[in-house]
Novice: 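Just passing along the structure, written as structure tokens.
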There are 2 protein chains.
Amino acid sequence: MARVLLVEDDPTVADVVGRYLSHAGFEVDRAGDGHAALALAAECSPDLVVLDLMLPGLDGRQVCRRLRERSAVPIVMLTALGEEADRVAGLETGADDYITKPFSPRELVLRVQSVLRRTLAPPPAGRGVLRAGSLVVDVAARVATRDGESLALTVREFDLLAFLMAHPGEAFSRVTLLERVWGWTYGDASTVTVHIRRLREKVEADPTTPVLLLTVWGIGYRFEAGVSASGVTASGVSASGERS
Amino acid sequence: MARVLLVEDDPTVADVVGRYLSHAGFEVDRAGDGHAALALAAECSPDLVVLDLMLPGLDGRQVCRRLRERSAVPIVMLTALGEEADRVAGLETGADDYITKPFSPRELVLRVQSVLRRTLAPPPAGRGVLRAGSLVVDVAARVATRDGESLALTVREFDLLAFLMAHPGEAFSRVTLLERVWGWTYGDASTVTVHIRRLREKVEADPTTPVLLLTVWGIGYRFEAGVSASGVTASGVSASGERS
DNA sequence: GGTGTCCGTTCGTGCTTCGTAAGAAGCAGG
DNA sequence: CCTGCTTCTTACGAAGCACGAACGGACACC
């Protein structure tokens with residue numbers, strides 16, 4: 001599983017936290033001061049760093065900055081006080097989250113997992129808002145609306161739609177979709193066909209003559225890139241402003 | 001690099017975020033309220049706007065709408081709470097992404113970069129698009145158009161055309177085409193002949209006197225690399241040898 | 001335990017596409 | 001002009017493909 005570098009000078013705290021993290025399934029490396037932390041980070045390239053702000057020698061903030069100079073590894077900072085000033089300072093130097101002492105080890109583990117989920121999971125694809133005409137898909141919130149009304153899409157339907165909209169105009173074979181949306185490398189491709197059908201039923205104005213989810217004969221499916229992909233094209237907006 | 005307009009009334013937040021964005025290589029303009037934002041946007045035409053939803057004077061939502069009326073500039077919205085109402089409102093007014101407070105500045109930078117990547121480099125860019133005169137073939141989308149109108153090509157026809165257009169001017173024997181397009185090492189070469197004919201029917205202006213898919217006698221076929229960019233019509237084509 | 005939703009599969013239907021065959025037309029050389 | 005070869009054209013049967021409808025299992029919620 002993931003590898004965590006724990007930077008903490010107090011042996012007692014380090015011990016407790018280290019045990020908790022190990023128990024949660026992380027591989028834990030430990031460093032007692034800033035220099036050791038930088039050296040270890042360079043050596044084992046951890047997936048996340050838990051960093052005490054108060055350190056002997058190199059200050060935690062400096063360590064944070066130095067780490068940032070050469071990698072984007074997520075950092076969770078341990079601060080002594082819960083003051084806004086400290087928090088801003090911590091975030092400014094590049095921390096992804098912080099937790100104030102005294103803290104429960106359990107909470108720290110939760111934060112670590114949360115940060116990892118945030119930084120590891122999202123990158124591949126899908127964040128932000130996808131649009132096509134009056135169809136709006138919020139990938140993060142998992143909400144799809146058309147003309148302001150929310151659509152009741154199931155999990156698979158949503159993923160399929162989001163994926164296709166994230167690659168507008170590109171044609172994908174059923175097998176490819178099965179692989180990229182379902183995460184399968186085997187399985188029956190007709191599954192995709194059926195889901196496309198169900199999706200059209202909900203998304204298309206006239207499901208029998210689709211204009212968004214198009215069939216590419218002999219290949220698979222493609223999301224309409226055509227008009228008004230991103231941004232608002234002339235036709236729809238006007239209304240309110242109307243000064244002429 | 002890209003120019004970002006940051007609209008935020010809280011000076012502390014604006015300061016931190018602004019510094020992060022600068023550090024990430026963006027040129028940052030700042031506005032403290034809605035009116036200033038609109039004025040600045042008109043003046044420096046930013047590549048992206050980071051917009052706080054909660055603003056003194058002109059509300060962020062109104063700013064968003066006003067921006068949208070005159071440009072398609074990407075907008076990342078900062079919302080106070082993860083409230084459903086706020087989100088939906090933001091989405092409906094045309095934001096491209098949103099992020100809820102409290103947020104880590106790093107995450108904001110990532111979002112900004114992600115949105116820019118999405119909106120600045122839209123699909124038909126680096127993707128394989130083949131052109132010859134008014135004939136455009138988008139390999140990824142598997143769409144072929146002539147004079148803007150899409151051509152209904154079948155799988156084989158498309159593959160054949162794409163292959164020939166990818167090697168303009170080069171002549172291929174039927175057997176070679178059978179091998180490279182069909183993936184066959186055996187089989188009847190007349191298959192190719194028929195498909196060329198069908199393709200001409202759809203692609204050539206006058207199928208009886210082809211100008212794109214040319215026959216090379218005794219060899220096979222070749223795609224015309226030639227000129228004829230704009231309206232250079234046939235009239236005098238007369239090929240090379242004008243000897244009677 | 002019952003109910004409803006979601007999901008993956010299967011089957012039948014109608015249409016599209018493909019490859020081949022066979023005759024007509026075109027080109028080159030003697 | 002004739003001959004042999006190549007290319008064009010047309011037509012047709014078979015296979016492939018997309019679609020729609022319906023079924024049974026899995027799961028979560030009540």
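The chains referred to below are lettered A, B, ... by the order of the sequence lines, with proteins before strands, and numbering in each begins at 1. When reading the values below, keep in mind they use all heavy atoms of this one structure, side chains included, and skip hydrogens, waters and symmetry mates.
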Novice: For every nucleotide of nucleotides 11-30 of chain D, 5' to 3': is a protein heavy atom under 4.0 Å from its base (B), only from its sugar-phosphate (S), or from neither (-)?
Specialist: B----BBSSB-B--------
Novice: Spell out, as yes or no, whether a donor-acceptor pair under 3.5 Å connects the side chain of Arg142(B) to the backbone of Ala171(A).
Specialist: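 Not confirmed, Arg142(B) side chain does not pair with Ala171(A) backbone.
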Novice: Quick check on dC7(C): is either OP1 or OP2 less than 4.0 Å from any side-chain nitrogen or oxygen of Thr154(A)?
Specialist: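 Checking Thr154(A) against dC7(C): at least one side-chain N or O falls below 4.0 Å of OP1 or OP2.
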Novice: Please give, in whole Å, the distance from dT10(C) P to Asp188(A) CG?
Specialist: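 Distance, rounded to whole Å: 6 Å.
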Novice: What's the CZ-C1' distance between Phe158(A) and dC6(C), to the nearest Å?
Specialist: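 Result: 17 Å.
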Novice: In whole Å, I'd like the distance from the CG atom of Leu151(A) to the P atom of dC6(C).
Specialist: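 Between P of dC6(C) and CG of Leu151(A): 13 Å.
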Novice: Starting from C1' on dC6(C), measure out to CG on Asp159(A) and report it in whole angstrom.
Specialist: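 To the nearest whole Å, that distance equals 13 Å.
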Novice: Please determine if Arg65(B) and Asp59(B) form a salt bridge, counting it only when a charged side-chain N lies under 4.0 Å from a carboxylate O.
Specialist: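 A salt bridge is absent here (no side-chain N lies under 4.0 Å from a carboxylate O).
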Novice: Separation of His195(B) atom NE2 from dT7(D) atom P, in whole Å?
Specialist: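 Going from NE2 in His195(B) over to P in dT7(D) covers 17 Å.
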Novice: Apply the test side-chain hydrogen bond (donor to acceptor under 3.5 Å, both in side chains) to residues Thr193(B) and Ser190(B): give CA-CA distance (whole Å), side-chain angles for both, the deciding distance (0.1 Å), then the verdict.
Specialist: CA-CA 5 Å; Thr193(B) 310; Ser190(B) 70; 5.8 Å; no
Novice: Rounding to an integer number of Å, can you tell me how far Arg156(A) CZ sits from dC7(C) C1'?
Specialist: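 So the two atoms are 8 Å apart, to the nearest Å.
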Novice: If you count every heavy atom of other residues, nucleotides or ligands that lies below 6.0 Å from His167(B) atom NE2, does the total exceed 12?
Specialist: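 Counting neighbours around NE2 of His167(B), more than 12 heavy atoms of other residues, nucleotides or ligands fall under 6.0 Å, so yes.
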Novice: Side chains of Glu8(B) and Leu78(B), heavy atoms from C-beta outward: is any pair under 4.5 Å?
Specialist: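 A side-chain contact exists here, since the closest heavy-atom pair is under 4.5 Å.
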Novice: Separation of Leu199(B) atom CG from dG19(C) atom P, in whole Å?
Specialist: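 To the nearest whole Å, that distance equals 14 Å.
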Novice: In terms of the nearest nucleotide of DNA chain C, which residue is placed more toward the 5' end: Lys202(A) or Ala189(A)?
Specialist: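 On the 5' side of the pair lies Lys202(A).
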Novice: Is Trp182(B) close enough to dC18(C) that one of its side-chain N or O atoms is under 4.0 Å from OP1 or OP2 there?
Specialist: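 Looking at the OP1 and OP2 atoms of dC18(C), neither is under 4.0 Å from any side-chain N or O of Trp182(B).
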Novice: Look at Asp159(A) together with Arg180(A) and state whether they make a salt bridge at an N to O cut-off of under 4.0 Å.
Specialist: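 A salt bridge is absent here (no side-chain N lies under 4.0 Å from a carboxylate O).
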